[in-house]
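Below is one structure, written out as structure tokens, with a few remarks after it.
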Number of protein chains: 2
Amino acid sequence: MIINKTQIYAIRVLELLAQHKETPISAKTISQTLDIPYKYLTRVMTKLSLCQLIDSYRGKEGGFVIAKSPLEIQLQDIVDIFSNESPHQCICADGSMCGQNGKCILHDRWQNSKESIHQSFLNTTIGELST
Amino acid sequence: MIINKTQIYAIRVLELLAQHKETPISAKTISQTLDIPYKYLTRVMTKLSLCQLIDSYRGKEGGFVIAKSPLEIQLQDIVDIFSNESPHQCICADGSMCGQNGKCILHDRWQNSKESIHQSFLNTTIGELST
DNA sequence: TTCAAATACTATACAAAGGTAGTAATTAAA
DNA sequence: TTTAATTACTACCTTTGTATAGTATTTGAA
Ligand code: FES
Ligand code: FES
């Protein structure tokens, strides 16, 4: 697996917040704009807030604001927050096959392609996505 | 997700059978050799048999034999058997975001890398894996 | 013929990801 | 001050992928 649904949600949210740095956007608005289940979204938002990628404001007129410059947030930063695996850049589902335990027979093939994608996650920032 | 654990299991099994075309290999032996849970493996084998990638022989001295030339079995053939999604070549988990419903913001980036991996699944055969 | 070794089948259990529901806590506006 | 809008928290539900258990069926060898 490269990235899962939750991670895509988070990336899309950050991209949206990057376009509205001024005023807080509520989870309700985000949910409707990006078509992400509301209740699921709020949990994602809370986690992003705890990790200080976004600031949260409770109460009326509250919402979320991006906490850093979009050009300083790498996609990998976001992916890591919603990942329990050690980063493994694998084409197959089971990262445990990587490393010292051995690797699957596909691992060495397409090494370049995988490496290319992985490097992009490190190099690409939220700020660059819209362009 | 590119491929899941079951699909890797199946590819490894086919690769093993390709190296012993003569005599049937039992699920027990395959399980031990490849370190795949026995009971799970047998279900994978039954499915491969139904799809006629392998022949099965019951009873004593029974087991499984590859049914085609290894050079005629594409990795994609195997992957398709254990896949319910339409092939989507996506970096993200949700293939449904592809196609007419739209695609995620990462889809167009790394198109080349994804295409490269996908083409390899089509072009690479079981027979080539060992080399 | 008997029996042990093997596949085939069916049902169930487990784990992780994704999603839902309800409530408490907060806060700015009216 | 009251209230409605909002985040925070906790628990649970659903789906999918993975794994296990038990039994029936087949079959070659002793
Ligand atoms: S691709 Fe790395 S272990 Fe399978
Ligand atoms: S990579 Fe294709 S929709 Fe996400």
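The chains referred to below are lettered A, B, ... by the order of the sequence lines, with proteins before strands, and numbering in each begins at 1.
- Of the side-chain N and O atoms in A:Y9, one or more sit less than 4.0 angstrom from OP1 or OP2 of C:dG19.
- In this entry the distance linking CG of A:L48 with P of D:dT7 reads 13 Å, nearest Å.
- When the C1' atom of D:dT18 is taken as reference, atom CG of B:N4 falls 10 Å away, rounded to whole Å.
- Here the P atom of nucleotide D:dG28 and the CZ atom of B:R58 are 12 Å apart, to the nearest Å.
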Check step by step if side-chain hydrogen bond (donor to acceptor under 3.5 Å, both in side chains) holds for B:T6 and B:Y40. CA-CA 9 Å; B:T6 306; B:Y40 194 70; 2.6 Å; yes
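- Between the CD1 atom of B:I8 and the P atom of D:dA19 there is a distance of 13 Å, rounded to whole Å.
- When each of A:R43 and A:G63 is assigned the nucleotide of DNA chain D bearing its nearest heavy atom, the one mapping closer to the 5' terminus is A:G63.
- At the heavy-atom level, B:Y57 lies under 4.0 Å from the strands shown only through sugar-phosphate atoms.
- The two atoms that bring A:Q7 and A:I78 nearest to each other are O-CG2, 4.5 Å, heavy atoms only.
- Distances shown here put a side-chain N or O of A:K5 below 4.0 Å from the OP1 or OP2 atom of C:dG19.
- Looking at heavy atoms from C-beta onward, A:F64 lies out of side-chain contact with A:L48 at the 4.5 angstrom threshold.
- Side chain A:K39 to base C:dG18: no donor-acceptor pair is found below 3.5 Å.
- Annotation: side chain of A:T125 is not in contact with side chain of A:E72 (no heavy-atom distance under 4.5 Å).
- Protein atom OH of B:Y40 is 12 Å distant from nucleotide atom C1' of D:dT20, rounded to whole Å.
- When the side-chain nitrogen and oxygen atoms of A:T42 are compared with OP1 and OP2 of D:dT7, none of them lie within a distance under 4.0 Å.
- As a whole-Å value, the separation of A:D55 CG from C:dT27 P is 14 Å.
- When each of A:K60 and A:M45 is assigned the nucleotide of DNA chain D with its nearest heavy atom, A:K60 is the one assigned upstream, toward the 5' end.
- Regarding contacts with the backbone of C:dA6, every side-chain N or O of B:S56 stays at 4.0 angstrom or more from both OP1 and OP2.
- Neither OP1 nor OP2 of D:dG17 sits under 4.0 Å from any side-chain N or O of B:T6.
- With hydrogens and angles ignored, the 3.5 Å screen pairs no side-chain donor or acceptor of B:Q32 with any backbone N or O of B:T29.
- Nucleotide D:dT7 holds its P atom 11 Å from the CD1 atom of A:I25, rounded to whole Å.
- Among the atoms of the strands shown, only primed sugar atoms or phosphate atoms (P, OP1, OP2) are found under 4.0 Å from some heavy atom of A:F64.
- We find that NZ of A:K28 is positioned 17 Å from P of C:dT20, with the value rounded to whole Å.
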